[in-house]
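The basis for the numbers below is simple: all heavy atoms, side chains too, and nothing from hydrogens, waters or symmetry mates. We're numbering straight along the sequence, starting at 1.
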Amino acid sequence: MSIATQNILDLFNQLPEIEKHEFASEIIKWTAKRDFPPLTDEELVQAADALFIELDKSEARDADSKSRRSLVG
């Protein structure tokens, strides 16, 4: 991944959730209109791995947040 692409992703991660959704929707619409070659199996596996890692992180944060609230409340 190029530095420019990584910078875009870093900026994307700083957006509020609603803006992330709007941006992602626009990217999907934009890419649907382009003639890109299909993704390879390796690319699909890498994307799935990245999604599952992020999901695990999100679930861990949620569990930690709930645990802290139960200690305070």
Side-chain angles (χ1 to χ4, degrees):
M1 182 179 319
S2 72
I3 292 173
T5 302
Q6 187 59 54
N7 288 339
I8 291 169
L9 291 174
D10 291 343
L11 290 171
F12 174 83
N13 285 326
Q14 295 174 21
L15 293 172
E17 290 302 315
I18 188 70
E19 289 186 38
K20 286 180 185 175
H21 179 16
E22 292 170 355
F23 183 83
S25 295
E26 288 301 314
I27 291 294
I28 291 168
K29 291 176 198 173
W30 183 82
T31 55
K33 296 176 185 176
R34 305 303 186 274
D35 187 25
F36 291 113
L39 296 172
T40 65
D41 288 346
E42 182 178 334
E43 290 169 322
L44 291 171
V45 168
Q46 288 174 348
D49 286 346
L51 282 172
F52 283 118
I53 288 168
E54 288 304 314
L55 179 59
D56 287 344
K57 288 178 184 177
S58 176
E59 289 175 344
R61 284 191 302 269
D62 290 347
D64 186 48
S65 176
K66 287 178 184 176
S67 174
R68 288 181 188 191
R69 279 185 286 193
S70 67
L71 292 174
V72 173

Asker: Roughly how far, to the nearest 0.5 Å, is the CD1 atom of I8 from the CD1 atom of I3?
Answerer: 12.5 Å

Asker: Got a sec, which residues hit side-chain hydrogen bond (donor to acceptor under 3.5 Å, both in side chains) with D64, two or more places apart in sequence or on another chain?
Answerer: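 Testing D64 for side-chain hydrogen bond (donor to acceptor under 3.5 Å, both in side chains), a comparison that skips the adjacent residues, returns R68.
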
Asker: Rounded to the nearest 0.5 Å, what separates atom CG in N13 from atom NZ in K20?
Answerer: 5.0 Å

Asker: Are I27 and F12 linked, directly or through intermediate hydrophobic residues, by side-chain heavy-atom contacts shorter than 4.5 Å (ILVMFWY only)?
Answerer: yes

Asker: For atom CZ of F52, decide whether the heavy atoms of other residues, nucleotides or ligands shown that lie under 6.0 angstrom number more than 12.
Answerer: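 Atom CZ in F52 is not crowded, with 12 or fewer foreign heavy atoms closer than 6.0 Å.
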
Asker: Is a side-chain donor or acceptor of E43 paired with a backbone partner of T40 at a separation under 3.5 angstrom?
Answerer: yes

Asker: At their closest point, which heavy atom of E19 faces which heavy atom of L15, and how far apart are they?
Answerer: OE1-CD2, 3.5 Å

Asker: Quick check: does any side chain N or O of S58 sit under 3.5 Å from a backbone N or O of E54, one acting as donor and the other as acceptor?
Answerer: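 Flag not set: sc S58 to bb E54 has no pair under 3.5 Å.
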
Asker: Take a 6.0 Å sphere around CG of D41 and say whether it holds more than 12 heavy atoms from other residues, nucleotides or ligands.
Answerer: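 Not more than 12 within 6.0 Å, no.
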
Asker: Count the heavy atoms belonging to other residues, nucleotides or ligands that lie under 6.0 Å from CG of L55, then report whether that count exceeds 12.
Answerer: yes

Asker: Which distance, rounded to the nearest 0.5 Å, do you find between the CD of E26 and the NE2 of H21?
Answerer: 11.0 Å

Asker: Measuring only between side-chain heavy atoms, which start at C-beta, is I28 closer than 4.5 Å to S25?
Answerer: no

Asker: Please identify each residue that fulfils side-chain hydrogen bond (donor to acceptor under 3.5 Å, both in side chains) with T31, with sequence neighbours left out.
Answerer: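 In terms of side-chain hydrogen bond (donor to acceptor under 3.5 Å, both in side chains), with neighbours along the sequence ignored, T31 is linked to no residue.
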
Asker: More than 12 non-hydrogen atoms from neighbouring residues, nucleotides or ligands closer than 6.0 Å to CD on Q6, yes or no?
Answerer: yes

